[in-house]
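Beneath this line is the structure, given in C-alpha cells, with notes to follow.
Here the structure is a predicted model, which is why all the values come from computation and not from measurement.
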Amino acid sequence: MIDQDVISTATPLPILVAPQAILRQKTRLVRPEDVAGLRETIPRMFAAMYKAPGIGLAAPQVGLGLRFAIIDVADKDEARNPMVLINPDVIAETETMSVREEGCLSLPNQYAEVVRPESVRVRYQDLEGKRHEIEVDGLLATCIQHEIDHLEGILFVDHLSALKRNMIMRRLAKEQRQKH
C-alpha cells in the first residue's frame, strides 16, 4: 500500500504531452532490480496524477519505458484507493462492450467516447512482487485497459476513426502552441 503522507509530500513528476516519442513506445517488463527506483518514483506519480487531476497514469507518461501504471478511481468524496499495477496484462475480457468517455493526462482537455470490453480479468504484481488477479468492470475496467494501452504505446485516440483522431491531435497541438 502506498502511504498517503508520502504522496502528499512528494514532488509531482512532470506529465509528458503527445506527441512525445516515448508515449508511442512499447515498455519493457519491470525487473526485481527496478523496484527500489519505483518506490521513489511512484509517490511522485501519484502526486502528479492527483494534482492533474486524473484517475490513472502509466510509466511512459512520466518518461519511463517500464511496464507499470498507477490507478485511483475513487470519487472525490471517497477515501483514496491507490493501486500500483506492475507488469499488468489483460488475460480475459468479456464479449460485451461498453462505451465510456475517456480523456488522458497526456492529451489534456481532449475527450472522446471509446468502446472497450465491459469487464476484464487482469494479472499483475504489486511492489512486493506478489502476483494478483482481479476481475473488474465499469470505470475501473476502462481505466486499467487505458493504462495497459499506454504500456503498449497505444493512446485512447487510436481507438477512434482516423478523422476523429486527427481532429483531436490537431486541436491538442493548437492548444499546446497557444500555451507556450
Side-chain angles (χ1 to χ4, degrees), residues 7 10-30 34 37-38 40-74 76 82-90 93 97-118 120 122 124 136 138-180:
I7 292 170
T11 304
L13 287 170
I15 297 172
L16 301 178
V17 174
Q20 290 282 335
I22 194 165
L23 297 173
R24 292 301 192 172
Q25 293 166 8
K26 198 173 159 109
T27 57
R28 76 160 171 81
L29 292 174
V30 171
D34 298 321
L38 294 190
E40 291 178 26
T41 301
I42 286 172
R44 296 184 65 198
M45 283 178 70
F46 272 110
M49 182 184 82
Y50 290 143
K51 181 182 171 196
I55 59 171
L57 192 61
Q61 293 179 274
V62 294
L64 299 172
L66 296 173
R67 191 170 182 86
F68 77 95
I70 63 168
I71 289 173
D72 188 345
V73 297
K76 290 176 188 71
M83 294 175 70
V84 176
L85 284 72
I86 296 176
N87 299 330
D89 278 305
V90 173
E93 56 187 41
M97 304 302 265
S98 75
V99 178
R100 191 177 287 274
E101 185 178 72
E102 292 187 31
C104 178
L105 298 178
S106 291
L107 296 154
N109 306 314
Q110 309 305 314
Y111 302 91
E113 290 196 335
V114 177
V115 179
R116 295 185 185 271
E118 186 174 72
V120 291
V122 180
Y124 67 96
V136 294
L139 179 61
L140 184 55
T142 297
C143 187
I144 288 175
Q145 291 174 80
H146 177 113
E147 299 312 325
I148 289 175
D149 273 357
H150 273 298
L151 305 178
E152 299 294 331
I154 298 167
L155 300 175
F156 84 91
V157 292
D158 297 333
H159 293 278
L160 308 175
S161 69
L163 179 69
K164 280 185 182 168
R165 179 174 53 252
N166 291 338
M167 279 175 42
I168 287 174
M169 295 310 285
R170 277 196 301 272
R171 192 168 54 227
L172 175 64
K174 182 180 175 187
E175 285 180 15
Q176 292 302 305
R177 280 193 306 274
Q178 289 171 345
K179 245 177 81 172
H180 296 290

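Put simply, the side chain of V115 does not reach to within 4.5 Å of the side chain of S98, judged on heavy atoms. Side-chain contact between V157 and M169 is present, with heavy atoms from C-beta onward closer than 4.5 Å. Looking only at side-chain heavy atoms (C-beta outward), N87 and Y124 stay at 4.5 Å or farther from each other. A heavy-atom distance below 4.5 Å is found between the side chains of R24 and D158. Side-chain contact between L38 and L66 is present, with at least one heavy-atom pair separated by less than 4.5 Å. Under the 4.5 Å side-chain criterion, counting only non-hydrogen atoms from C-beta, P14 is not in contact with V62. C104 has its side chain out of reach of Q110: every pair of non-hydrogen atoms, C-beta onward, lies at least 4.5 Å apart. Considering only heavy atoms from C-beta on, V120 comes within 4.5 Å of V136 through its side chain.
In this structure, the separation between CG on L57 and CZ on R44 is 12.5 Å, given to the nearest 0.5 Å. For the atom pair Q61 CD and L151 CG, the distance stands at 9.0 Å (nearest 0.5 Å). Separating the CD atom in Q20 from the CD atom in Q25 is a distance of 10.0 Å, to the nearest 0.5 Å. Atoms CZ and CG, on R28 and L64 in that order, are 10.0 Å from each other to the nearest 0.5 Å. With values rounded to the nearest 0.5 angstrom, D34 atom CG is found 10.0 Å from T41 atom OG1. A distance of 9.0 Å separates CD of Q176 from CG of L107, quoted to the nearest 0.5 Å.
The side-chain contact (heavy atoms from CB on, under 4.5 Å) test with R116 singles out one residue from H146, E93, R100, and that residue is H146. Test T142, I71, I70, I55 against E147 for side-chain contact (heavy atoms from CB on, under 4.5 Å) and you get one pass: I71.
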Worksheet item: Step by step, would you call D89 with R67 a side chain to side chain contact (heavy atoms under 4.5 Å, CB included)?
Response: CA-CA 10 Å; D89 278 305; R67 191 170 182 86; 3.0 Å; yes
Item to complete: Could you check M49 against I15 for side chain to side chain contact (heavy atoms under 4.5 Å, CB included), going step by step and ending with a plain yes or no?
Response: CA-CA 9 Å; M49 182 184 82; I15 297 172; 5.8 Å; no
Item to complete: Check step by step if side chain to side chain contact (heavy atoms under 4.5 Å, CB included) holds for F68 and I42.
Response: CA-CA 10 Å; F68 77 95; I42 286 172; 3.8 Å; yes
Item to complete: Please report the C-alpha distance between E101 and V114 in whole Å, then the side-chain angles of each, then the deciding distance to 0.1 Å, and finally whether the side chain to side chain contact (heavy atoms under 4.5 Å, CB included) criterion is met.
Response: CA-CA 6 Å; E101 185 178 72; V114 177; over 6 Å; no
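Judged purely by atom type and a 3.5 angstrom limit, S106 has no side-chain atom pairing as donor or acceptor with the backbone of A18. Although no hydrogens or angles enter the test, the distance criterion places a donor-acceptor pair under 3.5 Å between the side chain of Q145 and the main chain of A141.
Here the shortest heavy-atom pairing between V84 and F46 reads CG2-CE1, 3.9 Å. Counting all heavy atoms, side chain and backbone alike, A112 lies closest to L160 at CB-CD1, 3.6 Å. Nearest heavy-atom pair, A58 versus H150, reported as atom, atom and distance to 0.1 Å: CB-CB, 3.4 Å. Across every non-hydrogen atom of Y50 and P82, the tightest pair is OH-CB, 3.8 Å. Shown here for Y111 and I168, the closest heavy-atom pair between the two residues is O-CD1, 4.1 Å. The minimum heavy-atom distance linking L105 with G56 is given by the pair CD1-O, 3.9 Å.
Taking a 6.0 Å sphere around CD of Q178, one finds it holds more than 12 heavy atoms contributed by other residues, nucleotides or ligands.
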